[in-house]
**Q** 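A single structure is presented below for examination.
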Amino acid sequence: MLHIFSNMKTKDRLLALLCLLFVCGQVYFDLRLPDYTAEITVLISSEVTDLSQYFTAGGNMLGCALCSACLTVVVGYLAAMIAADFSFDVRAKLFNKVAAMGSGEIKKFSTASLITRTTNDITQIQMIIAMGLQLMLRAPIMAIWAIAKIVGKSWQLSAVVAVAAVIVVGSMIILLSIMIPKFRIVQKQIDDVNRITDENLSGIRVVRAFNAEKYQEDKFETANNNLMKTQLFTGRGMAFLSPIMMFVQSCVSVGIYYVGAMLINGINVPLNGTLTEIMASVSDRSVMLGEVVSFSSYALYVIMSFVMLLMIFMLLPRAQVSATRINEVIDSDISVIEGTETTSEGNGDIEFRDVSFRYPDASADCLKNISFTAKKGETVAFIGATGSGKSTLVGLAARLYDTTEGTVLLDGKDVREYSFETLYNKIGYVPQKAVLFADTIEGNVTFGDSGQEMTDSDVKNALNIAQAEDFVYVKEEGLNSQVSQSGSNLSGGQKQRLSIARAIARKPEILIFDDSFSALDYKTDSILRQRIKTDLKGTTCLIVAQRIGTIRNADRIVVLDNGAVAGIGTHDELMKNCEVYQQIALSQLSASELAANA
């Protein structure tokens, strides 16, 4: 857990040190109170009639109480400020780390788990800091200081406190050793609840279409019940500590007064002695009574210190688990490392040179010895059976992953040498699943930074090429129309066209379409491809598609079969010499249709 605090800002460390000083002052004033209590007790038992002495002792007690209260408020304010500032920094660092991750790292942790770590886990850390700076600092200081005050006064009374401390510490160690593993399970079960909730919300149409509401409810109830049972177990377990503390505290009070009474009775008052001897014995008894009263207060402070530690230890195990989970993400290795090259002398040539790729933990390569070249202005298409590696292949050009073997060259340089900004200013990427954000249509089209100013005419031209004008400008607010989260208020084809417009508006040297025409009707598909060919001359295009009609006019078609190249050439060439391509073509069009189209 200390590892996560290693990057705390200097300002927060100084404020934490200031908290420590204020806590010491707070404890000092608190521990002065029993001294004044003992003084007043001695005054009463000695039957002193001078009221000014009582007022002086009482005034001192009131002053100490007010000073302690003021310092408590200041410490609470500083602790809350440090906790909020620290959680802000950790949340930003965690978010930036996740943003820098490749697809492989995100799949490793899962989206639901990353959300939990960025929200719930950081909240646990914030709570432990806010309470820790108030209680975790105060408890040991108060316990040590109070023990130092009572040591040497009476070994009998000290023994009572020592036995109580052993019982409390032993109980805490036993319960915490049982609870900590359960807290780890709680966080994982929260991940499960988040995952199921996310699946249900994002797939609500499918759930309803298949009458699967009951199935989803049962699935959620199972995860929710597992979480509830584990939290009940931890809650009940930690609940044992509170009554144990109260019982020990009561026993300490009774024990101290019992032993104190025996010590007071042990001071004999000589009935036949002189007046001086009798007064001395009475005075000794008064002093002993005052010591017993002050000792009782100090002992309660010691026990109260353990109670404060109990409150921290109820949060600490879960915070420890949360810190571990956060550190797992922050300390994880990033497979896609940014290069340093910020200049690019070229115009969009791409070359795959003996490229192979294997996913982490996979037993075999999913791409094997892929080689081809796409020159400036050329269109290279990729087709193959599902799972043949088409999307993975174009993902290597966009550095969603890095090659296991071989090299992807962009304008003669390894793509791994470029900085992310330089690389992505050259590439317009349209993913297989259209991703839109909760913003206006214009905000989605102009999303990101392309390294150059984007004008209104660029947006309109991109929408025109992408065949998106027909549904954008019929809306009452046009470009200012709102897009719901994930584009849920748009159809699949509309989302794809906006995604294509977003890529075109960047005016990239390279356009990558990862099966980005699948939701378009044939007419729109055909017009859009023709507009790209005529309006975006000089732009290199990499197209992944399932339809023969989408790619048949490409300059080159790369046919993939189980991750290997089965053929490269034009449509006509592949129809003559590539069996895999022939099978795909004949599965979509009849021989007569192919002949007619030819």
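In this text, all values refer to a predicted model and were calculated from it rather than measured experimentally. Starting from 1, each residue takes its place in the sequence as its number.
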**Q** Please lay out, stage by stage, how Leu409 and Val415 fare under the test side chain to side chain contact (heavy atoms under 4.5 Å, CB included).
**A** CA-CA 6 Å; Leu409 301 173; Val415 292; over 6 Å; no

**Q** Taking the side chain as every heavy atom from C-beta outward, state whether Ile557 and Tyr581 have any atom pair closer than 4.5 Å.
**A** yes

**Q** Check this for me: does any side-chain nitrogen of one of Arg353 and Glu351 sit under 4.0 Å from a carboxylate oxygen of the other?
**A** yes

**Q** Does a side-chain heavy-atom distance below 4.5 Å link Glu469 with Val472?
**A** no

**Q** With a 4.5 Å cut-off on side-chain heavy atoms, are Val355 and Glu405 touching?
**A** no

**Q** Would you check if the distance from the ring center of Tyr215 to the ring center of Phe220 is below 6.0 Å?
**A** no

**Q** Is it true that Thr455 and Asp458 share a donor-acceptor pair across their side chains at a distance under 3.5 Å?
**A** yes

**Q** Hey, is Glu199 close enough to Lys219 for a salt bridge, meaning N to O under 4.0 Å?
**A** yes

**Q** Can you name the nearest heavy-atom pair linking Ala585 to Met575, along with the distance?
**A** CB-SD, 3.7 Å

**Q** I need the minimum non-hydrogen distance between Ala79 and Ala130, along with the two atoms involved.
**A** CB-O, 3.5 Å

**Q** From Asn553 CG over to Thr570 OG1, what is the distance, rounded to the nearest 0.5 angstrom?
**A** 10.5 Å

**Q** NZ of Lys188: more than 12 outside heavy atoms within 6.0 angstrom?
**A** no

**Q** Would you say that Cys541 contacts Ile532 through its side chain, given a criterion of any heavy-atom pair below 4.5 Å between the two side chains?
**A** yes

**Q** Between CD of Gln231 and CG of Asn226, what distance do you get to the nearest 0.5 Å?
**A** 11.5 Å

**Q** Going by the rule side-chain contact (heavy atoms from CB on, under 4.5 Å), which residues pair with Ile185 if we only count those two or more places apart in sequence or in a different chain?
**A** Lys182, Gln189, Thr230

**Q** More than 12 foreign heavy atoms under 6.0 Å from CG of Asn464: is that the case here?
**A** yes

**Q** Ignoring hydrogens and geometry beyond distance, is a side-chain donor-acceptor pair present between Gln124 and Ser322 at under 3.5 Å?
**A** no

**Q** Can Asp402 and Arg416 be counted as an ion pair, charged N to O under 4.0 angstrom?
**A** no

**Q** Take atom CD in Gln583; do more than 12 heavy atoms of anything else shown fall under 6.0 Å from it?
**A** yes

**Q** Closest approach of Cys366 and Thr392, non-hydrogen atoms and distance?
**A** SG-CG2, 4.1 Å

**Q** Looking at Asp555 and Thr379, would you say the former's side chain and the latter's main chain have a donor-acceptor pair under 3.5 Å?
**A** yes

**Q** Find the distance between CG (Leu78) and SG (Cys19) and round it off to the nearest 0.5 Å.
**A** 4.5 Å

**Q** Sub-3.5 Å donor-acceptor pair from the side chain of Asn444 to the main-chain atoms of Phe437, do we have one?
**A** yes

**Q** Indicate yes or no: does Asp525 engage Arg529 in a salt bridge with an N to O separation below 4.0 Å.
**A** yes

**Q** Check whether Lys376 reaches the backbone of Gly538 with its side chain - one donor and one acceptor, N or O, closer than 3.5 Å.
**A** yes

**Q** List the residues meeting side-chain contact (heavy atoms from CB on, under 4.5 Å) with Asp521, not counting sequence neighbours, and say none if there are none.
**A** Lys523, Thr524

**Q** Using every non-hydrogen atom in the two residues, find where Thr540 and Ala374 come nearest and quote the distance to one decimal.
**A** CG2-CB, 3.9 Å

**Q** Is the Tyr359 ring parallel, tilted or perpendicular to the Phe357 ring (thresholds 30°, 60°)?
**A** perpendicular

**Q** Sort out for me which residue in Asn480, Val483, Val459 forms a side-chain contact (heavy atoms from CB on, under 4.5 Å) with Ile441.
**A** Val483

**Q** Answer yes when Asp365 and Arg358 have at least one side-chain N-carboxylate O distance shorter than 4.0 Å, and no when they do not.
**A** yes

**Q** How long is the straight-line distance from CD1 of Ile584 back to CZ of Arg547, given to the nearest 0.5 Å?
**A** 15.0 Å

**Q** Salt bridge or not for Arg325 and Asp191, using N-O below 4.0 Å?
**A** yes

**Q** Let me see the working for Lys11 and Asp85 under salt bridge (charged side-chain N to carboxylate O under 4.0 Å, His left out), right down to the final yes or no.
**A** CA-CA 10 Å; Lys11 181 191 75 171; Asp85 192 41; 3.7 Å; yes

**Q** So that I can tick it off, tell me whether Asp514 and Lys433 are bridged by a salt bridge, with the cut-off set at under 4.0 angstrom between side-chain N and carboxylate O.
**A** no

**Q** Donor-acceptor pair, distance only, cut-off 3.5 Å: does the side chain of Thr534 make one with the backbone of Gln530?
**A** yes

**Q** So does Arg117 pair up with Asp121, basic N to acidic O under 4.0 Å?
**A** no

**Q** Determine whether a donor-acceptor pair (N or O, by modelled atom type, separation under 3.5 Å) exists between the side chain of Lys390 and the backbone of Phe382.
**A** no

**Q** Any chance CZ of Phe88 has more than 12 other-residue heavy atoms, nucleotides or ligands included, within less than 6.0 Å?
**A** no

**Q** CG/Leu528 to CD/Gln496 distance, rounded to the nearest 0.5 angstrom?
**A** 10.0 Å

**Q** Are any non-hydrogen side-chain atoms of Leu536 and Ile465 less than 4.5 angstrom apart?
**A** yes

**Q** Taking the side chain as every heavy atom from C-beta outward, state whether Thr373 and Asp349 have any pair of such atoms under 4.5 Å apart.
**A** no

**Q** How close do Ile427 and Pro508 get, counting heavy atoms only, and between which atoms?
**A** C-CB, 3.7 Å

**Q** Closest heavy-atom contact between Ala501 and Ala462?
**A** O-CB, 3.4 Å

**Q** Is a donor on one side and an acceptor on the other found under 3.5 Å between the side chain of Tyr401 and the backbone of Leu393?
**A** no

**Q** I'd like to know whether Val380 forms a side chain to side chain contact (heavy atoms under 4.5 Å, CB included) with Phe372, so could you lay out the CA-CA distance, the side-chain angles of the two residues, the decisive distance to 0.1 Å, and finally the verdict.
**A** CA-CA 9 Å; Val380 177; Phe372 68 89; 4.2 Å; yes

**Q** Is any side-chain heavy atom of Asn120 closer than 4.5 Å to a side-chain heavy atom of Asn194?
**A** no

**Q** Using only atom types and a distance under 3.5 Å, with no angle test, would you say the side chain of Asn425 pairs donor to acceptor with the backbone of Glu421?
**A** yes

**Q** Between CD1 of Ile510 and CG of Asp411, what distance do you get to the nearest 0.5 Å?
**A** 6.5 Å

**Q** Test Glu378 against every option in Lys533, Arg556, Lys537 by the salt bridge (charged side-chain N to carboxylate O under 4.0 Å, His left out) rule and name the one that passes.
**A** Arg556

**Q** Testing the 3.5 Å rule here: is there a donor-acceptor pair between the side chains of Ser419 and Thr422?
**A** yes

**Q** Would Asp561 and Ser388 count as a side-chain hydrogen bond (donor to acceptor under 3.5 Å, both in side chains) if you check the C-alpha gap in whole Å, the side-chain angles of each, and the deciding distance to 0.1 Å?
**A** CA-CA 5 Å; Asp561 185 28; Ser388 59; over 6 Å; no

**Q** Whether the side chain of Ser488 engages the backbone of Ser484 through a donor-acceptor N/O pair (distance < 3.5 Å, no angle test) should be reported.
**A** no

**Q** Between Phe517 and Tyr522, is the ring pair (Phe, Tyr, Trp, His ring centres under 6.0 Å) condition met? List the steps.
**A** CA-CA 9 Å; Phe517 306 103; Tyr522 286 100; over 10 Å; no

**Q** Measure from the side-chain N and O atoms of Arg399 to the backbone N and O of Ile337, and report whether any donor-acceptor pair falls under 3.5 Å.
**A** yes

**Q** Is the shortest side-chain heavy-atom distance between Ile350 and Phe352 below 4.5 Å?
**A** yes

**Q** Do other residues, nucleotides or ligands put more than 12 heavy atoms under 6.0 Å from the OH atom of Tyr473?
**A** yes

